[in-house]
Number of protein chains: 2
Amino acid sequence: MTIKEVCEKYDITADTLRYYERVGVIPEVTRTPGGIRDYQETDIAWVENAICFRDAGMPVEMLIEYVKLFQEGDSTIDARTNLLKEARESILEARKKYDIALEKLDYKIGRYEIAQKTGVLTWTEDEKDG
Amino acid sequence: MTIKEVCEKYDITADTLRYYERVGVIPEVTRTPGGIRDYQETDIAWVENAICFRDAGMPVEMLIEYVKLFQEGDSTIDARTNLLKEARESILEARKKYDIALEKLDYKIGRYEIAQKTGVLTWTEDEKDG
DNA sequence: TCTTGACTTGGAGTTAACTCCAAGTTGTAG
DNA sequence: CTACAACTTGGAGTTAACTCCAAGTCAAGA
């Protein structure tokens, strides 16, 4: 699979893919004899994981660390497990914040919709802001 | 409430609070006759909202837009409602991505924990990466 | 009143994560 | 064999969101 095909498949730029490889977010990609990237299934699996974890706000640094440990072999399984658990906690915490924001948003939207219908904005004592 | 007290209450730096005010993420804060910030309940409510929505990944630009609309008065209620709904959609989408990453993480952690117990890492055909 | 520490401003600097560029190479269609 | 698009690299530039700094002002305690 060429870099272009991977770009299109995952809606990501070629620059980002090359950047991920350069800094170690994914291991080095398989090449043709001429030196052009030819993504194999394994390469693609790494790309998919990288995108997935980046989408969840996991820092690039953490992904680099994981790949590094992976390449050091089975002796780093404990370290990798810890890293993943740490990532899990961060993501859970972030998600909790998303839920809180959603609650606040839903409340505000509800109040605005009433205002739109009645033409009057109603406020309680402790919400003098918008 | 002084800027320091607000910092401590919300675990945020004074620089960030001043930055939020400068760029318009929150409206101008109440001052003492000497020009020093003296946060009132309303100011604090804005700070709280800003932190909450930033924590959910809402871009500073969007918060600025909201404050601007708010300050233009009731004629912008529709625009504000739309903005909030847009924010809601983005947050929901981001949250979905967090859930996908969590699933993947849980699966990987589970597999690593088995490896730790048995000393053997088991792989299925389509997961040759770590 | 003096000192000391917290506050003020405008502007410059930093960080993470890309994103773009120039100059050169590869590979395919005619 | 020749175009020509798509690929390669190292390195520089950009963006969002802070973060720091210098030089000056304010205010509470001795």
Side-chain angles (χ1 to χ4, degrees), chain A residues 1-40 43-44 46-47 49-68 87 90-91 94 97 101, chain B residues 1-40 43-44 46-47 49-68 87 90-91 94 97 101:
Chain A
M1 217 177 190
T2 68
I3 197 167
K4 195 171 197 206
E5 287 165 337
V6 178
C7 288
E8 277 158 13
K9 180 163 184 193
Y10 294 106
D11 193 29
I12 185 177
T13 70
D15 271 319
T16 300
L17 279 174
R18 282 189 289 253
Y19 162 72
Y20 280 175
E21 186 177 349
R22 177 157 33 143
V23 302
V25 163
I26 58 172
E28 302 218 333
V29 170
T30 311
R31 305 294 180 113
T32 64
I36 288 177
R37 287 176 183 79
D38 180 23
Y39 290 80
Q40 304 303 307
D43 301 315
I44 290 170
W46 279 106
V47 168
N49 280 335
I51 292 171
C52 175
F53 293 133
R54 282 293 303 121
D55 279 349
M58 200 161 150
V60 158
E61 263 311 319
M62 214 167 192
L63 298 177
I64 292 170
E65 178 67 14
Y66 182 79
V67 169
K68 221 181 73 197
S90 310
I91 294 176
K97 289 185 176 169
Chain B
M1 219 178 189
T2 68
I3 198 167
K4 193 169 198 207
E5 286 165 337
V6 178
C7 289
E8 276 158 12
K9 181 162 184 190
Y10 294 105
D11 193 28
I12 187 176
T13 69
D15 271 317
T16 299
L17 279 175
R18 283 189 288 252
Y19 162 72
Y20 281 174
E21 187 177 348
R22 179 161 29 149
V23 300
V25 163
I26 58 172
E28 303 218 332
V29 169
T30 312
R31 306 293 181 111
T32 63
I36 288 176
R37 288 175 183 80
D38 180 23
Y39 290 81
Q40 303 303 307
D43 301 315
I44 290 170
W46 278 106
V47 167
N49 280 334
I51 292 171
C52 175
F53 294 134
R54 282 293 302 122
D55 278 349
M58 199 161 151
V60 159
E61 262 312 318
M62 212 167 194
L63 299 177
I64 292 170
E65 177 67 14
Y66 182 80
V67 170
K68 221 181 73 195
S90 312
I91 293 176
K97 289 184 176 169

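For the numbers below, each heavy atom of this structure counts, side chains included, while hydrogens, waters and symmetry mates do not. Chain A is the first sequence line, chain B the second, and so forth, proteins listed ahead of strands; every chain is numbered from 1.
One finds no side-chain N or O of A/T13 lying less than 4.0 angstrom from the OP1 or OP2 phosphate oxygen of C/dC18. The phosphate of C/dT19 (OP1 or OP2) has a side-chain N or O of A/T16 nearer than 4.0 angstrom. OP1 or OP2 of C/dC18 has at least one side-chain nitrogen or oxygen of A/Y20 nearer than 4.0 Å.
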**Request:** For nucleotides 3-9 of chain C, just jot down a letter per nucleotide in 5' to 3' order: B, S or -, based on protein non-hydrogen atoms under 4.0 Å.
**Result:** ----SBB

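Not counting sequence neighbours, B/K4 has no partner by the salt bridge (charged side-chain N to carboxylate O under 4.0 Å, His left out) test.
Between B/E61 atom CD and D/dT15 atom P there is a gap of 13 Å when expressed in whole angstrom units. Distance, B/I51 CD1 to D/dC18 C1': 14 Å, rounded to whole Å. Computed from coordinates, the B/I12 CD1 to D/dA17 P distance equals 13 Å when rounded to whole Å. Atoms CZ (A/R54) and C1' (C/dC18) sit 9 Å apart, rounded to a whole Å. If you take CG of A/L17 and C1' of C/dC18, they are 12 Å apart, rounded to a whole angstrom. When the P atom of D/dT15 is taken as reference, atom OH of A/Y19 falls 17 Å away, rounded to whole Å. Rounded to whole Å, the distance from CZ on A/R22 to C1' on C/dA16 is 14 Å.
If B/M58 and B/P33 are placed on DNA chain D by their nearest nucleotide, the residue sitting closer to the 5' end is B/M58.
A salt bridge is absent between B/R18 and B/E21: the closest approach of a Lys/Arg side-chain nitrogen to an acidic carboxylate oxygen does not fall below 4.0 angstrom.
Not a single donor-acceptor pair under 3.5 Å links the side chain of A/D38 to the backbone N or O of A/R31. With hydrogens and angles ignored, the 3.5 Å screen pairs no side-chain donor or acceptor of A/Q40 with any backbone N or O of A/T30.
B/M1 places none of its side-chain heavy atoms less than 4.5 Å from the side chain of B/D43. Between A/M62 and A/E65, the closest side-chain pair of non-hydrogen atoms is not below 4.5 Å.
Across all non-hydrogen atoms, the minimal contact from A/A101 to B/I91 is CB-CD1, 4.2 Å.
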